[in-house]
There are 2 protein chains.
Amino acid sequence: MSKNKQEDILEAAMQLFAERGYDGTTIPMIADKAKVGAGTIYRYFDNKESLVNSLFVKCVTQFSDILNSEFPGNSGDVREQFSHIFYRMFQFAKHNPYALLFIDSHCMGYYLNEESNKVYDDFLAFIIGAIEKGQERGAIRQLPSNALIAIVYGAFIMLFKMEQAGALENTGQLLEELEESCWNAVRII
Amino acid sequence: MSKNKQEDILEAAMQLFAERGYDGTTIPMIADKAKVGAGTIYRYFDNKESLVNSLFVKCVTQFSDILNSEFPGNSGDVREQFSHIFYRMFQFAKHNPYALLFIDSHCMGYYLNEESNKVYDDFLAFIIGAIEKGQERGAIRQLPSNALIAIVYGAFIMLFKMEQAGALENTGQLLEELEESCWNAVRII
DNA sequence: CATATAGGAATGAATGTTCATTCCTATATG
DNA sequence: CATATAGGAATGAACATTCATTCCTATATG
């Protein structure tokens, strides 16, 4: 029997939400997977909406922390910063695939509250900041920073989904090539 | 009163599915938006699952047709082919934003039947084919074709979502720059 | 008038949520 | 040390609500 039921509930909910979406996942499904009674969920969360928002904030915060930690800020050059963000994204994807799928498929959900949206916006703001620094130094194309994010993050998400679907085997060698491809998309050539 | 109720139902369903997902959209919601009775929907479709599958096949076919028509096949060079596909994707997105959002958020759904999955796979196969031709001619990077698709299609989808969210204003000038960025990601430099 | 079509109330199954009850575990008591 | 007791935690059956689907009536069409 598990020690921390709240953790069990969050883990089960994350996997189910990632696979079937918010509305496609029922409370009994979560209870079954977490091996708790349905009522137990309501000892830890006010309701289903509160659960999905808690989970969303948790996952985005984890993702953000991974990207931020050891980020080569003002010291490192732009190429190095890009590399850091790119590899950290894949590192997170490898260790937390459900979290990433969950974030990606729920970040526009109508059930997200103000706090969830703010956490997600702050997360994007960190990447935007790094990109704009790179532009000032003349290493990155003069496109809207949102466009540059979309290209790199969009490519990353789709690559990850391909790998999840078994349509792509991600070796270390390939990852380096993909990093170079994405860098070519945003750098000044 | 509309002439073609089946069209009204499909259009309403597409918008709702795109915004709220399959499970988050109810039959009464669709009936309200289409301005028909709930029972009328069952005159045109066997059930909700049959409706979503009909809609999926229709949307993917439309998308595929746009990309295929006037495609510069064996005659055109690789750069031209890439350009064609890229601009056609944005053309489809501009004229059928709900269709694209619907395709993107439902292409992995557990409710899709064999036919839907086949149509989607065939659609991807067309792009894969074009990419592999380009590789043979030495213009495109020697990466798995699935990886190249993921980069370009992933970037495209995310750019479109950014624009939809109002975070990006898509002018003709910007589109040209984005096309060049994506081409830089896949071409041999 | 006969038939086809549309509508929306009716239905039963499924959902999120509540609540009376049971189960643990830690402390108190002899 | 063995047993009794208290109180929070967990449970899952029960509840109101909402859902997909069906069915019967009203209207349109020929």
Side-chain angles (χ1 to χ4, degrees), chain A residues 1-59 102 105-106 109-116, chain B residues 1-59 102 105-106 109-116:
Chain A
M1 184 193 172
S2 170
K3 204 79 199 170
N4 193 339
K5 288 186 187 287
Q6 179 159 359
E7 270 303 317
D8 294 348
I9 293 165
L10 285 168
E11 179 67 29
M14 182 174 71
Q15 293 188 22
L16 287 164
F17 286 153
E19 280 169 350
R20 307 179 47 94
Y22 175 72
D23 289 296
T25 301
T26 70
I27 294 288
M29 278 183 205
I30 297 171
D32 276 4
K33 198 174 196 68
K35 286 173 186 155
V36 300
T40 307
I41 291 175
Y42 290 86
R43 293 199 57 76
Y44 293 97
F45 303 96
D46 287 345
N47 47 45
K48 192 183 175 186
E49 208 168 293
S50 161
L51 167 58
V52 77
N53 277 285
S54 295
L55 186 62
F56 187 81
V57 168
K58 185 191 165 195
C59 290
F102 168 71
S105 57
H106 290 73
Y110 61 87
Y111 35 75
L112 290 189
N113 61 23
E114 221 172 305
E115 189 200 358
S116 291
Chain B
M1 184 186 170
S2 170
K3 203 82 198 164
N4 193 338
K5 288 184 189 289
Q6 179 159 359
E7 270 302 318
D8 295 348
I9 293 165
L10 284 168
E11 178 67 28
M14 183 174 70
Q15 293 188 22
L16 286 164
F17 285 152
E19 281 169 348
R20 306 179 47 96
Y22 175 72
D23 290 296
T25 300
T26 70
I27 295 289
M29 279 182 204
I30 298 171
D32 276 4
K33 198 174 193 72
K35 287 174 186 154
V36 300
T40 305
I41 291 176
Y42 288 86
R43 295 198 53 76
Y44 294 97
F45 302 96
D46 287 344
N47 48 45
K48 191 183 174 185
E49 208 168 291
S50 161
L51 167 58
V52 77
N53 277 285
S54 295
L55 186 61
F56 187 81
V57 169
K58 185 190 166 196
C59 289
F102 168 70
S105 57
H106 291 74
Y110 60 88
Y111 35 78
L112 290 189
N113 62 21
E114 220 172 307
E115 189 200 358
S116 292

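Numbers restart at 1 for each chain; the letters A, B, ... are given by sequence-line order, proteins then strands. Both backbone and side-chain heavy atoms feed into the values below; hydrogens, waters and symmetry mates do not.
A straight line from CG of Asp32(B) to C1' of dA6(C) spans 15 Å, rounded to a whole angstrom. Remark: C1' of dG8(D) and OH of Tyr44(A) are 11 Å apart, rounded to the nearest angstrom. Rounded to a whole Å, the NZ atom of Lys35(B) is 13 Å from the P atom of dG8(C). Whole-Å rounding puts the Asp23(B) CG to dT18(D) C1' distance at 14 Å. Protein atom NZ of Lys5(B) is 9 Å distant from nucleotide atom C1' of dG7(C), rounded to whole Å. Here the P atom of nucleotide dA14(C) and the CD1 atom of Ile27(B) are 16 Å apart, to the nearest Å. Between Asn4(A) atom CG and dA9(D) atom C1' there is a gap of 13 Å when expressed in whole angstrom units. Between the CD1 atom of Ile41(A) and the C1' atom of dT18(C) there is a distance of 14 Å, rounded to whole Å.
Nearest approach of Ile9(B) to Val36(B), heavy atoms of both residues: CG1-CG2, 4.2 Å. Among all heavy-atom pairs drawn from Gly24(B) and Met29(B), the shortest one is O-CE, 3.6 Å. Between Phe17(B) and His106(B), the closest heavy-atom pair is O-CE1, 3.2 Å.
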- Item | From CA spacing to verdict: side-chain hydrogen bond (donor to acceptor under 3.5 Å, both in side chains), Asn113(A), Ser116(A) | CA-CA 5 Å; Asn113(A) 61 23; Ser116(A) 291; 3.2 Å; yes
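The one candidate from Lys35(B), Gln6(B), Lys5(B) that meets the side-chain contact (heavy atoms from CB on, under 4.5 Å) condition with Thr40(B) is Lys5(B). Applying the ring-ring contact (aromatic ring centres under 6.0 Å, His included) test between Tyr22(B) and each of Tyr111(B), Phe102(B), Phe56(B) identifies Tyr111(B) as the sole match.
Both Arg43(A) and Ala38(A) lie near DNA chain D, and the one whose nearest nucleotide falls closer to the 5' end is Arg43(A). Mapping Gly37(B) and Pro28(A) onto DNA chain C via the closest heavy atom, the residue that lands nearer the 5' end is Gly37(B).
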- Item | Canonical and wobble pairing (Watson-Crick, G-U, under 3.5 Å) of DNA chain D, dot-bracket with | | ||||||||||||||||||||||||||||||
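Residue Phe45(B) is classed as having no contact, given no heavy-atom separation below 4.0 Å to the nucleic acid. Within 4.0 Å of Thr26(B), counting heavy atoms only, lie sugar-phosphate atoms of the nucleic acid but no base atom.
For the segment residues 46-55 of chain B, the set of residues with a heavy atom within less than 4.0 Å of an atom of DNA chain D comprises Asn47(B), Lys48(B), in numerical order.
An OP1 or OP2 oxygen of dG7(C) is reached within less than 4.0 angstrom by no side-chain nitrogen or oxygen of Tyr42(B).
Side-chain contact check for Tyr44(B) and Asp8(B): no donor-acceptor pair (N or O, by modelled atom type) lies under 3.5 Å.
Thr25(B) has its side chain out of reach of Val52(B): every pair of non-hydrogen atoms, C-beta onward, lies at least 4.5 Å apart.
Applying the salt bridge (charged side-chain N to carboxylate O under 4.0 Å, His left out) test to Glu7(B) and every residue at least two apart in sequence or in another chain returns Lys58(B).
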